[in-house]
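Side chains are part of it too, since the values below use all heavy atoms of this structure and drop only hydrogens, waters and symmetry mates.
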Number of protein chains: 2
Amino acid sequence: MKTIGKLAKELGLGVETIRFYEREGLIKQPQKPQNGYRVYDDSITKQLQFICRAKALGFTLKEVASLMSMGGDCARVESLGLQKLRIIQSKINDLQGLEVVIKEMTNSCRNNNDQSHCPIIDSIK
Amino acid sequence: MKTIGKLAKELGLGVETIRFYEREGLIKQPQKPQNGYRVYDDSITKQLQFICRAKALGFTLKEVASLMSMGGDCARVESLGLQKLRIIQSKINDLQGLEVVIKEMTNSCRNNNDQSHCPIIDSIK
DNA sequence: GTAAACTCCGTAGGTAAGTACGGAGTCAAT
DNA sequence: ATTGACTCCGTACTTACCTACGGAGTTTAC
C-alpha cells in the first residue's frame with residue numbers, strides 16, 4: 001500500500017501524470033480512506049507498467065484504453081497490433097527516404113567550395 | 001500577382017496556413033494596396049515551396065525559419081542537416097525495434113487457441 | 001510542536017502546427 | 001443592385017500528453 005507520490009517515484013512518472021491517467025479513465029481512482037489520500041496496492045503498478053509499455057510501443061493513450069478494455073479478445077488485440085505494425089512500417093519507409101535525401105544534401109554541402117551559397121539551400125529552393 | 005486565396009489553392013495550402021506562416025515570421029507580409037488585400041508575386045511561391053519541402057524533410061517550422069535566415073552559410077546548414085539525420089536514424093532504429101516486438105506479439109496471438117485470454121495482453125501485463 | 005513535505009481538487013498553461021469563427025469590408029457576376 | 005465569394009483581423013479552438021498553479025488540509029521528521 002502506497003500513496004501517489006511513492007507510486008509515481010517507483011514508476012518514474014509524475015504525480016500529475018497518474019492523476020491525469022485517472023481522469024482519462026485509464027486507471028480507476030482507488031479507495032480513499034479518511035484522509036482523502038489515494039492509496040494504491042501492487043495491482044496498480046502492473047496496470048501503469050502496461051500503459052507505459054504500450055505507450056513505448058507507439059500506442060496512443062486512447063488505444064491503450066482500448067487494449068485494456070478488450071480484456072482477452074485476442075482477435076481484436078491482434079488486429080490493433082497489425083494496424084500499428086503497418087503504421088510503423090510505413091513510418092520506417094518514409095524516414096529511410098528522408099535519410100537518403102538528407103545524406104545527399106549534406107554530402108553535397110561537404111564538397112562545396114563556393115562559400116557564397118549553399119547547395120542545400122539552392123536545391124531546396 | 002495574385003491574392004491569398006489563389007496562392008493557397010495553387011500550393012494546396014489553406015489561406016489560414018499562409019497567414020499563420022506570416023504571423024510566425026516565415027514569410028513577410030506583402031505590400032497591400034488600397035483595399036487591404038494581400039497581393040503576392042511569384043517569389044512568394046518559391047518561398048512557400050521551400051517551406052513545404054523542408055517540412056516534408058522533417059524540419060520543424062522553427063528550423064525552417066533558421067534555414068531561411070542562414071542565407072548561404074553552408075557549414076551551418078550542413079550541421080542542421082546532420083543533426084536531423086541523426087534524429088531520423090535514431091527514429092528508424094526505434095521503430096525497427098517496435099516492429100520486431102509487435103510482430104512477435106501478433107504472431108503469438110495468431111497461434112493462440114485459448115479463447116479465454118490473449119498472449120499480448122498477458123505478456124504486456 | 002512546528003516546519004517541511006506530501007496530498008487534495010479544479011483549472012490553466014504548454015507544445016506544434018495549424019484550423020475555425022465572427023463580424024465587417026470588398027470584389028465579381030448577373 | 002444584390003447575391004455570393006473573397007478578404008481582413010484577432011482570438012479561440014484542436015489533438016495528444018502532459019505540467020504547473022493556488023490554496024487548503026494532512027502527515028512525517030526532528
Side-chain angles (χ1 to χ4, degrees), chain A residues 1-41 44 47-68 80 84 87-88 91 94, chain B residues 1-41 44 47-68 80 84 87-88 91 94:
Chain A
M1 291 305 191
K2 51 211 153 200
T3 161
I4 196 168
K6 296 210 168 173
L7 179 61
K9 203 164 202 174
E10 184 182 310
L11 292 161
L13 296 173
V15 167
E16 308 291 338
T17 304
I18 293 174
R19 293 207 322 117
F20 171 72
Y21 288 166
E22 186 184 297
R23 277 203 302 283
E24 296 293 301
L26 288 161
I27 54 177
K28 280 203 313 233
Q29 191 175 52
Q31 301 285 52
K32 290 193 287 184
Q34 59 288 1
N35 67 9
Y37 286 15
R38 290 167 180 82
V39 175
Y40 298 97
D41 60 18
I44 191 75
Q47 289 174 50
L48 283 168
Q49 279 171 346
F50 180 107
I51 294 168
C52 293
R53 280 185 215 154
K55 243 169 53 70
L57 290 173
F59 292 92
T60 66
L61 291 186
K62 271 185 188 161
E63 288 166 339
V64 177
S66 289
L67 282 173
M68 292 175 93
L80 198 54
K84 263 302 139 190
I87 291 171
I88 287 169
K91 272 188 195 166
D94 290 354
Chain B
M1 291 304 190
K2 51 211 150 201
T3 162
I4 196 168
K6 298 212 168 175
L7 178 61
K9 202 163 203 174
E10 184 182 311
L11 291 161
L13 296 174
V15 167
E16 307 291 337
T17 305
I18 294 174
R19 294 207 321 118
F20 172 72
Y21 288 165
E22 186 184 296
R23 277 204 302 285
E24 296 294 300
L26 287 161
I27 54 177
K28 279 201 314 228
Q29 189 176 51
Q31 301 284 52
K32 292 194 287 185
Q34 59 287 1
N35 66 9
Y37 286 16
R38 289 168 181 80
V39 174
Y40 297 96
D41 60 18
I44 192 75
Q47 288 174 53
L48 283 168
Q49 280 172 344
F50 181 108
I51 293 168
C52 293
R53 281 185 212 154
K55 243 167 53 70
L57 291 173
F59 292 92
T60 66
L61 291 186
K62 271 186 188 158
E63 288 166 340
V64 177
S66 288
L67 281 173
M68 292 176 94
L80 198 52
K84 265 300 138 193
I87 290 170
I88 287 169
K91 274 188 192 165
D94 290 354

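- Under the 4.5 Å side-chain criterion, counting only non-hydrogen atoms from C-beta, B:Tyr40 is not in contact with B:Thr3.
- Comment: A:Glu24 does not engage A:Lys62 in a salt bridge, judged by the lack of any side-chain N to carboxylate O separation of less than 4.0 angstrom.
- The side chain of B:Val15 has D:dT7 as its nearest neighbour among D:dT7, C:dT19, C:dC9.
- Between C:dA17, C:dT7, D:dT7, one nucleotide has an atom nearer to the side chain of B:Thr60 than all others, and that is C:dA17.
- A heavy-atom distance below 4.5 Å is found between the side chains of A:Gln49 and A:Leu11.
- Remark: A:Glu10 engages A:Lys2 in a salt bridge, criterion side-chain N to carboxylate O under 4.0 Å.
- Among the heavy atoms of the strands lying under 4.0 Å from A:Arg19 is at least one base atom, whether or not backbone atoms are also near.
- Using a 4.0 Å heavy-atom cutoff across all strands shown, B:Gly14 reaches no nucleic acid atom at all.
- Nucleic acid contact for B:Gln29: sugar-phosphate only, since backbone atoms but no base atoms lie under 4.0 Å from a heavy atom of the residue.
- Computed from coordinates, the B:Ile4 CD1 to D:dC6 P distance equals 13 Å when rounded to whole Å.
- From A:Leu61, atom CG reaches atom CG of A:Leu67 across 11.5 Å, with rounding to the nearest 0.5 Å.
- An OP1 or OP2 oxygen of D:dA5 is reached within less than 4.0 angstrom by no side-chain nitrogen or oxygen of B:Lys6.
- The phosphate of C:dA17 has neither OP1 nor OP2 within less than 4.0 Å of any side-chain N or O from B:Thr17.
- Proximity of B:Asn35 to the phosphate of D:dT7: no side-chain N or O atom is located under 4.0 Å from OP1 or OP2.
- Of all non-hydrogen atoms in B:Gly14 and B:Ala8, the two that sit nearest each other are C-CB, 4.0 Å.
- A straight line from CD1 of B:Ile18 to P of D:dC9 spans 13 Å, rounded to a whole angstrom.
- Listed nucleotides D:dT27, C:dT19, D:dC17 differ in distance to A:Leu61; the shortest reach to its side chain belongs to D:dC17.
- The side chain of B:Lys62 places an N or O atom within less than 4.0 Å of a non-bridging phosphate oxygen (OP1 or OP2) of C:dA16.
- Between the P atom of C:dC8 and the CG atom of A:Leu7 lies a distance of 11 Å, rounded to the nearest Å.
- If you measure from atom CG of B:Leu13 to atom P of C:dA17, you get 14 Å, rounded to the nearest angstrom.
- A:Gly5 comes within contact range of the sugar-phosphate backbone alone, with a heavy-atom separation under 4.0 Å but no base atom that close.
- Distance, B:Lys2 NZ to C:dA28 C1': 20 Å, rounded to whole Å.
- Spacing between atom CD of B:Glu16 and atom P of D:dG10 amounts to 13 Å, rounded to whole angstrom units.
- In this structure, the nucleotide among D:dC8, D:dT19, C:dG18 sitting nearest to the side chain of A:Phe20 is D:dT19.
- For A:Tyr37 and D:dG25, a side-chain-to-base donor-acceptor distance below 3.5 Å is present, hydrogens and geometry of angles not being considered.
- Contact check, A:Lys32 against D:dT26: no side-chain N or O comes under 4.0 Å of OP1 or OP2.
- Residue B:Glu22 contributes atom CD, which lies 15 Å from atom P of C:dG18 at whole-angstrom precision.
- Rounded to an integer number of Å, the gap from CG of B:Leu48 to P of C:dG18 is 11 Å.
- A residue-by-residue look at A:Gly36 and A:Arg23 shows that A:Gly36 has its nearest nucleotide of DNA chain C further toward the 5' end.
- Applying the 4.0 Å criterion to OP1 and OP2 of C:dC6, one finds that A:Lys9 has every side-chain N and O outside that range.
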